[in-house]
Undergrad: 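Here it is, the structure in full.
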Number of protein chains: 2
Amino acid sequence: MNIGAVAKASGVSAKMIRHYEQIGLIGHSPRTEAGYRQYQERDLHTLKFIRSARDLGFSLDQIHQLLSLWYDEKRSSAEVKQLAESHLSDLDERIQALSAMRDALVRLSESCCGDDRPDCPILEGLAGHGPPDVY
Amino acid sequence: MNIGAVAKASGVSAKMIRHYEQIGLIGHSPRTEAGYRQYQERDLHTLKFIRSARDLGFSLDQIHQLLSLWYDEKRSSAEVKQLAESHLSDLDERIQALSAMRDALVRLSESCCGDDRPDCPILEGLAGHGPPDVY
DNA sequence: CGTTGACCTTCCCATGATGGCAAGGTCTAG
DNA sequence: CTAGACCTTGCCATCATGGGAAGGTCAACG
(Lines give C-alpha, C1' and ligand atoms only; values in the text may rest on other atoms or scores of the structure.)
Protein backbone atom coordinates (compact mmCIF):
# COMPACT_ATOMS: atom_id res chain seq x y z
CA MET A 1 0.00 0.00 0.00
CA ASN A 2 1.21 3.48 -0.81
CA ILE A 3 0.81 6.27 1.69
CA GLY A 4 -2.31 7.62 0.02
CA ALA A 5 -4.05 4.29 0.37
CA VAL A 6 -3.32 3.86 4.09
CA ALA A 7 -4.19 7.49 4.60
CA LYS A 8 -7.61 6.97 3.10
CA ALA A 9 -8.13 3.65 4.83
CA SER A 10 -7.00 4.86 8.25
CA GLY A 11 -8.42 8.35 8.24
CA VAL A 12 -4.97 9.80 8.99
CA SER A 13 -3.71 12.22 6.36
CA ALA A 14 -0.59 11.37 4.40
CA LYS A 15 0.94 14.51 5.77
CA MET A 16 0.42 13.33 9.30
CA ILE A 17 1.65 9.83 8.60
CA ARG A 18 4.95 11.26 7.42
CA HIS A 19 5.01 13.48 10.45
CA TYR A 20 4.32 10.59 12.84
CA GLU A 21 7.17 8.73 11.22
CA GLN A 22 9.49 11.66 11.67
CA ILE A 23 8.75 12.15 15.33
CA GLY A 24 9.07 8.44 15.97
CA LEU A 25 5.44 7.69 16.77
CA ILE A 26 5.48 5.04 14.08
CA GLY A 27 8.49 3.26 12.63
CA HIS A 28 10.17 4.06 9.35
CA SER A 29 8.34 2.19 6.65
CA PRO A 30 10.27 0.34 3.97
CA ARG A 31 10.52 2.12 0.65
CA THR A 32 10.26 1.10 -2.94
CA GLU A 33 13.25 1.71 -5.18
CA ALA A 34 11.71 5.01 -6.13
CA GLY A 35 11.49 6.02 -2.49
CA TYR A 36 7.76 5.46 -2.03
CA ARG A 37 6.73 4.39 1.45
CA GLN A 38 5.17 0.93 1.59
CA TYR A 39 2.66 -0.12 4.19
CA GLN A 40 1.22 -3.42 5.41
CA GLU A 41 -2.04 -4.34 7.10
CA ARG A 42 -0.24 -4.07 10.41
CA ASP A 43 0.58 -0.44 9.76
CA LEU A 44 -3.01 0.21 8.88
CA HIS A 45 -4.06 -1.22 12.25
CA THR A 46 -1.59 1.02 13.98
CA LEU A 47 -2.79 4.09 12.15
CA LYS A 48 -6.40 3.29 12.91
CA PHE A 49 -5.42 2.93 16.55
CA ILE A 50 -3.72 6.31 16.47
CA ARG A 51 -6.69 7.83 14.77
CA SER A 52 -9.07 6.47 17.41
CA ALA A 53 -6.86 7.72 20.20
CA ARG A 54 -6.69 11.16 18.60
CA ASP A 55 -10.45 11.15 18.34
CA LEU A 56 -10.56 10.60 22.08
CA GLY A 57 -8.27 13.59 22.53
CA PHE A 58 -5.10 11.81 23.58
CA SER A 59 -1.92 13.74 22.84
CA LEU A 60 0.65 12.25 20.52
CA ASP A 61 2.84 11.75 23.53
CA GLN A 62 0.15 9.77 25.29
CA ILE A 63 -0.52 7.83 22.13
CA HIS A 64 3.14 6.95 22.06
CA GLN A 65 2.72 5.40 25.49
CA LEU A 66 -0.52 3.72 24.48
CA LEU A 67 1.16 2.17 21.48
CA SER A 68 3.99 0.89 23.63
CA LEU A 69 1.48 -0.71 25.95
CA TRP A 70 -0.44 -2.11 23.02
CA TYR A 71 2.67 -3.77 21.65
CA ASP A 72 3.76 -4.98 25.08
CA GLU A 73 2.15 -8.31 25.85
CA LYS A 74 3.42 -8.11 29.39
CA ARG A 75 1.61 -4.85 30.13
CA SER A 76 -0.82 -4.60 32.99
CA SER A 77 -4.21 -3.18 32.15
CA ALA A 78 -3.74 -0.97 35.20
CA GLU A 79 -1.10 1.00 33.32
CA VAL A 80 -3.46 1.57 30.45
CA LYS A 81 -6.28 2.51 32.74
CA GLN A 82 -4.10 4.96 34.60
CA LEU A 83 -3.25 6.71 31.36
CA ALA A 84 -6.90 6.83 30.43
CA GLU A 85 -7.90 8.20 33.81
CA SER A 86 -5.22 10.81 33.65
CA HIS A 87 -6.47 11.96 30.28
CA LEU A 88 -9.99 11.85 31.65
CA SER A 89 -9.01 14.29 34.39
CA ASP A 90 -7.52 16.51 31.77
CA LEU A 91 -10.70 16.44 29.73
CA ASP A 92 -12.75 17.19 32.81
CA GLU A 93 -10.58 20.16 33.62
CA ARG A 94 -10.89 21.52 30.13
CA ILE A 95 -14.64 21.01 30.12
CA GLN A 96 -14.84 22.76 33.47
CA ALA A 97 -12.81 25.69 32.21
CA LEU A 98 -14.89 26.05 29.07
CA SER A 99 -18.12 25.69 31.00
CA ALA A 100 -17.05 28.41 33.38
CA MET A 101 -16.39 30.68 30.41
CA ARG A 102 -19.67 29.70 28.91
CA ASP A 103 -21.64 30.43 32.05
CA ALA A 104 -19.99 33.79 32.56
CA LEU A 105 -20.59 34.71 28.96
CA VAL A 106 -24.20 33.59 29.05
CA ARG A 107 -24.78 35.78 32.08
CA LEU A 108 -23.27 38.78 30.33
CA SER A 109 -25.02 38.10 27.08
CA GLU A 110 -28.42 37.71 28.71
CA SER A 111 -28.09 41.11 30.30
CA CYS A 112 -27.57 42.74 26.90
CA CYS A 113 -30.75 43.49 25.02
CA GLY A 114 -28.91 43.66 21.71
CA ASP A 115 -30.62 46.61 20.12
CA ASP A 116 -29.51 49.73 18.25
CA ARG A 117 -28.29 51.60 21.29
CA PRO A 118 -24.62 51.61 22.21
CA ASP A 119 -25.08 50.77 25.89
CA CYS A 120 -23.87 47.26 26.38
CA PRO A 121 -23.47 45.31 29.61
CA ILE A 122 -21.17 42.89 27.82
CA LEU A 123 -18.60 45.58 27.11
CA GLU A 124 -19.10 47.00 30.57
CA GLY A 125 -18.53 43.60 32.05
CA LEU A 126 -15.31 43.19 30.10
CA ALA A 127 -14.16 46.65 31.05
CA GLY A 128 -14.70 45.88 34.70
CA HIS A 129 -16.86 48.95 35.21
CA GLY A 130 -18.18 51.91 33.32
CA PRO A 131 -17.55 53.02 29.75
CA PRO A 132 -14.00 53.54 28.51
CA ASP A 133 -12.18 56.81 28.37
CA VAL A 134 -12.53 58.48 25.03
CA TYR A 135 -9.83 57.07 22.80
CA MET B 1 4.19 53.36 33.88
CA ASN B 2 6.76 50.97 32.46
CA ILE B 3 5.68 47.75 30.85
CA GLY B 4 6.34 45.71 33.97
CA ALA B 5 4.01 47.86 36.00
CA VAL B 6 1.07 47.62 33.57
CA ALA B 7 1.78 43.96 33.15
CA LYS B 8 1.44 43.37 36.86
CA ALA B 9 -1.56 45.68 37.18
CA SER B 10 -3.42 44.25 34.20
CA GLY B 11 -2.55 40.60 34.54
CA VAL B 12 -1.20 40.55 30.99
CA SER B 13 2.44 39.54 30.73
CA ALA B 14 4.96 42.06 29.40
CA LYS B 15 5.73 39.59 26.67
CA MET B 16 2.13 39.55 25.55
CA ILE B 17 1.78 43.31 25.73
CA ARG B 18 4.66 43.67 23.30
CA HIS B 19 3.10 40.98 21.15
CA TYR B 20 -0.30 42.69 21.15
CA GLU B 21 1.40 45.87 20.09
CA GLN B 22 3.19 44.11 17.27
CA ILE B 23 0.08 42.48 15.86
CA GLY B 24 -1.83 45.74 16.14
CA LEU B 25 -4.25 44.75 18.87
CA ILE B 26 -3.12 47.75 20.86
CA GLY B 27 -1.45 50.89 19.57
CA HIS B 28 2.25 51.64 19.70
CA SER B 29 2.96 53.21 23.04
CA PRO B 30 5.18 56.26 23.28
CA ARG B 31 8.74 55.57 24.37
CA THR B 32 11.17 57.25 26.69
CA GLU B 33 14.46 58.44 25.25
CA ALA B 34 15.94 55.13 26.26
CA GLY B 35 13.29 53.27 24.30
CA TYR B 36 11.19 52.15 27.26
CA ARG B 37 7.48 51.86 26.56
CA GLN B 38 5.35 54.25 28.57
CA TYR B 39 1.75 53.55 29.54
CA GLN B 40 -1.16 55.56 30.86
CA GLU B 41 -4.22 54.65 32.87
CA ARG B 42 -6.12 54.36 29.61
CA ASP B 43 -3.77 51.63 28.43
CA LEU B 44 -4.23 49.83 31.69
CA HIS B 45 -7.99 49.83 31.14
CA THR B 46 -7.52 48.45 27.68
CA LEU B 47 -5.23 45.70 28.88
CA LYS B 48 -7.63 44.74 31.64
CA PHE B 49 -10.37 44.59 29.03
CA ILE B 50 -8.24 42.32 26.89
CA ARG B 51 -7.43 40.18 29.85
CA SER B 52 -11.09 39.77 30.75
CA ALA B 53 -11.96 38.89 27.19
CA ARG B 54 -9.17 36.32 27.06
CA ASP B 55 -10.49 34.86 30.30
CA LEU B 56 -13.81 34.38 28.55
CA GLY B 57 -12.02 32.58 25.75
CA PHE B 58 -12.35 35.20 23.02
CA SER B 59 -9.68 34.96 20.34
CA LEU B 60 -7.36 37.88 19.78
CA ASP B 61 -9.14 38.49 16.54
CA GLN B 62 -12.49 38.71 18.29
CA ILE B 63 -10.97 40.91 20.95
CA HIS B 64 -9.81 43.20 18.18
CA GLN B 65 -13.43 43.57 17.12
CA LEU B 66 -14.59 43.96 20.71
CA LEU B 67 -12.09 46.75 21.27
CA SER B 68 -13.24 48.50 18.12
CA LEU B 69 -16.80 48.32 19.36
CA TRP B 70 -15.75 49.47 22.80
CA TYR B 71 -14.05 52.53 21.34
CA ASP B 72 -16.92 53.21 18.98
CA GLU B 73 -19.56 55.30 20.67
CA LYS B 74 -21.88 54.75 17.74
CA ARG B 75 -21.87 50.99 18.08
CA SER B 76 -25.09 49.08 18.52
CA SER B 77 -25.16 46.66 21.39
CA ALA B 78 -26.57 44.17 18.90
CA GLU B 79 -23.18 43.98 17.24
CA VAL B 80 -21.54 43.19 20.53
CA LYS B 81 -24.13 40.65 21.43
CA GLN B 82 -23.77 38.95 18.08
CA LEU B 83 -20.06 38.55 18.67
CA ALA B 84 -20.71 37.16 22.10
CA GLU B 85 -23.33 34.74 20.84
CA SER B 86 -21.05 33.59 18.10
CA HIS B 87 -18.31 32.88 20.61
CA LEU B 88 -20.87 31.19 22.79
CA SER B 89 -21.72 28.79 19.99
CA ASP B 90 -18.07 28.09 19.60
CA LEU B 91 -17.70 27.34 23.29
CA ASP B 92 -20.73 25.09 23.17
CA GLU B 93 -19.30 23.18 20.26
CA ARG B 94 -16.01 22.70 22.00
CA ILE B 95 -17.70 21.60 25.19
CA GLN B 96 -19.80 19.19 23.19
CA ALA B 97 -16.75 17.76 21.47
CA LEU B 98 -14.85 17.33 24.72
CA SER B 99 -17.86 15.84 26.45
CA ALA B 100 -18.27 13.33 23.67
CA MET B 101 -14.64 12.34 24.13
CA ARG B 102 -15.13 12.19 27.84
CA ASP B 103 -18.18 9.99 27.62
CA ALA B 104 -16.56 7.60 25.20
CA LEU B 105 -13.47 7.40 27.36
CA VAL B 106 -15.45 6.87 30.53
CA ARG B 107 -17.26 4.00 28.89
CA LEU B 108 -13.99 2.40 27.83
CA SER B 109 -12.32 3.04 31.13
CA GLU B 110 -15.16 1.60 33.15
CA SER B 111 -14.95 -1.63 31.23
CA CYS B 112 -11.29 -2.04 32.19
CA CYS B 113 -10.71 -3.57 35.59
CA GLY B 114 -7.19 -2.16 35.77
CA ASP B 115 -5.37 -5.09 37.28
CA ASP B 116 -2.10 -6.92 36.60
CA ARG B 117 -3.36 -8.77 33.56
CA PRO B 118 -2.64 -7.50 30.08
CA ASP B 119 -6.18 -7.85 28.74
CA CYS B 120 -7.53 -4.35 28.35
CA PRO B 121 -10.82 -3.26 26.80
CA ILE B 122 -9.41 0.25 26.44
CA LEU B 123 -6.72 -0.89 24.04
CA GLU B 124 -9.16 -3.17 22.32
CA GLY B 125 -11.54 -0.29 21.91
CA LEU B 126 -8.84 1.86 20.39
CA ALA B 127 -7.73 -0.95 18.12
CA GLY B 128 -11.26 -1.35 16.84
CA HIS B 129 -11.30 -5.05 17.62
CA GLY B 130 -9.02 -7.78 18.86
CA PRO B 131 -5.38 -7.62 19.96
CA PRO B 132 -2.72 -6.30 17.59
CA ASP B 133 -0.55 -8.47 15.41
CA VAL B 134 2.73 -9.28 17.01
CA TYR B 135 5.06 -6.42 16.26
C1' DC C 1 6.26 5.05 -27.34
C1' DG C 2 4.75 9.41 -25.44
C1' DT C 3 1.95 12.19 -22.82
C1' DT C 4 -1.16 13.16 -19.12
C1' DG C 5 -2.79 13.08 -14.66
C1' DA C 6 -2.57 11.17 -10.29
C1' DC C 7 0.48 10.07 -7.08
C1' DC C 8 4.79 10.39 -4.44
C1' DT C 9 9.08 12.83 -2.41
C1' DT C 10 11.33 16.63 0.53
C1' DC C 11 11.44 21.20 2.35
C1' DC C 12 9.74 25.39 4.09
C1' DC C 13 6.13 28.20 6.09
C1' DA C 14 1.77 29.12 8.70
C1' DT C 15 -1.54 28.68 12.34
C1' DG C 16 -2.70 30.78 17.94
C1' DA C 17 -1.30 32.29 22.15
C1' DT C 18 2.15 31.92 24.97
C1' DG C 19 6.71 31.14 27.18
C1' DG C 20 11.89 31.00 27.44
C1' DC C 21 16.35 32.48 26.73
C1' DA C 22 20.23 35.34 25.35
C1' DA C 23 22.73 39.48 24.56
C1' DG C 24 22.76 43.90 25.51
C1' DG C 25 21.17 48.68 27.26
C1' DT C 26 19.13 51.55 31.39
C1' DC C 27 17.97 53.00 35.75
C1' DT C 28 18.09 53.30 40.78
C1' DA C 29 19.55 52.57 45.39
C1' DG C 30 23.21 51.84 48.28
C1' DC D 1 30.60 53.10 41.11
C1' DT D 2 28.40 48.95 41.11
C1' DA D 3 24.78 45.45 41.80
C1' DG D 4 20.45 44.13 40.71
C1' DA D 5 16.19 44.98 38.76
C1' DC D 6 14.30 46.38 34.79
C1' DC D 7 13.97 47.24 29.82
C1' DT D 8 15.03 46.26 24.66
C1' DT D 9 15.04 43.06 20.42
C1' DG D 10 15.26 38.68 18.32
C1' DC D 11 15.04 33.90 17.84
C1' DC D 12 13.20 29.46 19.12
C1' DA D 13 9.69 26.21 21.18
C1' DT D 14 5.18 24.49 22.01
C1' DC D 15 1.01 21.26 19.65
C1' DA D 16 -1.17 19.11 15.74
C1' DT D 17 -2.12 20.20 11.48
C1' DG D 18 -2.42 22.13 6.76
C1' DG D 19 -0.64 24.51 2.43
C1' DG D 20 2.25 24.89 -1.22
C1' DA D 21 6.31 24.54 -4.25
C1' DA D 22 9.59 21.97 -6.95
C1' DG D 23 10.53 17.90 -8.65
C1' DG D 24 10.39 12.56 -9.34
C1' DT D 25 7.34 8.25 -10.49
C1' DC D 26 3.85 5.45 -12.18
C1' DA D 27 -0.17 3.74 -14.72
C1' DA D 28 -3.31 4.15 -18.30
C1' DC D 29 -4.66 5.53 -22.74
C1' DG D 30 -4.15 6.76 -27.43
Side-chain angles (χ1 to χ4, degrees), chain A residues 1-26 28-40 43 46-47 49-67 86-87 90-91 93-94 97-98 101, chain B residues 1-26 28-40 43 46-47 49-67 86-87 90-91 93-94 97-98 101:
Chain A
M1 264 186 298
N2 281 347
I3 199 170
V6 261
K8 187 176 255 184
S10 66
V12 177
S13 73
K15 201 92 188 192
M16 280 301 100
I17 296 177
R18 293 191 195 98
H19 182 58
Y20 293 163
E21 178 183 312
Q22 213 193 344
I23 65 174
L25 185 61
I26 58 180
H28 288 257
S29 79
R31 306 284 189 114
T32 65
E33 286 185 10
Y36 284 25
R37 289 174 180 79
Q38 289 296 189
Y39 297 95
Q40 310 298 323
D43 305 308
T46 301
L47 287 169
F49 182 99
I50 292 175
R51 177 62 207 259
S52 301
R54 286 297 299 137
D55 286 346
L56 286 181
F58 284 100
S59 70
L60 294 188
D61 196 69
Q62 289 172 316
I63 293 175
H64 197 65
Q65 297 175 248
L66 285 171
L67 282 174
S86 156
H87 177 46
D90 191 51
L91 285 175
E93 263 179 47
R94 284 152 67 188
L98 289 178
M101 290 179 187
Chain B
M1 264 188 298
N2 281 347
I3 199 170
V6 260
K8 188 178 256 183
S10 66
V12 178
S13 74
K15 197 94 191 190
M16 280 300 99
I17 296 176
R18 293 191 195 99
H19 182 57
Y20 293 164
E21 178 183 313
Q22 213 193 344
I23 64 173
L25 185 61
I26 59 181
H28 288 256
S29 79
R31 306 282 189 115
T32 66
E33 287 185 8
Y36 284 24
R37 289 173 180 78
Q38 288 296 195
Y39 296 96
Q40 310 297 324
D43 305 308
T46 302
L47 286 168
F49 182 98
I50 293 174
R51 177 61 209 258
S52 302
R54 285 297 299 137
D55 286 347
L56 286 182
F58 283 100
S59 70
L60 294 188
D61 196 69
Q62 289 172 316
I63 293 175
H64 197 65
Q65 298 175 244
L66 285 171
L67 282 174
S86 155
H87 177 45
D90 191 51
L91 285 176
E93 262 179 49
R94 284 151 68 187
L98 289 178
M101 288 179 189

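Chain A is the first sequence line, chain B the second, and so forth, proteins listed ahead of strands; every chain is numbered from 1.
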Undergrad: So what does S59(B) hit on the nucleic acid, given a heavy-atom distance under 4.0 Å: a base, only sugar-phosphate, or nothing?
TA: sugar-phosphate
Undergrad: Between Y20(B) and dT18(C), does any side-chain N or O lie under 4.0 Å from OP1 or OP2?
TA: yes
Undergrad: Hey, which sits more toward the 5' end of DNA chain C by its nearest nucleotide, Y36(A) or E21(A)?
TA: Y36(A)
Undergrad: H87(A) NE2 to dC15(D) C1': how many Å, rounded?
TA: 14 Å
Undergrad: Contacts to DNA chain C from residues 3-19 of chain A, heavy-atom cutoff under 4.0 Å, which residues?
TA: I3(A), G4(A), K15(A), R18(A)
Undergrad: Using a 4.0 Å heavy-atom cut-off, does N2(A) contact any base of the nucleic acid, only the sugar-phosphate backbone, or nothing at all?
TA: sugar-phosphate
Undergrad: Would you say dT10(C) has OP1 or OP2 under 4.0 Å from some side-chain N or O of R31(A)?
TA: yes
Undergrad: Ignoring hydrogens and geometry, is there a side-chain-to-backbone donor-acceptor pair from H87(A) to Q62(A) under 3.5 Å?
TA: no
Undergrad: For Q38(A) and R31(A), indicate whether the former's side chain and the latter's backbone hold a donor-acceptor pair under 3.5 Å.
TA: no
Undergrad: Output the rounded distance in Å from CE (M101(B)) to C1' (dA16(D)).
TA: 12 Å
Undergrad: Starting at the 5' end of DNA chain D, which residue's closest nucleotide do you reach first, A34(A) or L60(A)?
TA: L60(A)
Undergrad: Can you tell me if the side-chain N/O atoms of R37(B) get under 4.0 Å from OP1 or OP2 in dC7(D)?
TA: no
Undergrad: Test side-chain contact (heavy atoms from CB on, under 4.5 Å) on L67(B) and I50(B); report intermediate values, then the result.
TA: CA-CA 8 Å; L67(B) 282 174; I50(B) 293 174; 4.0 Å; yes
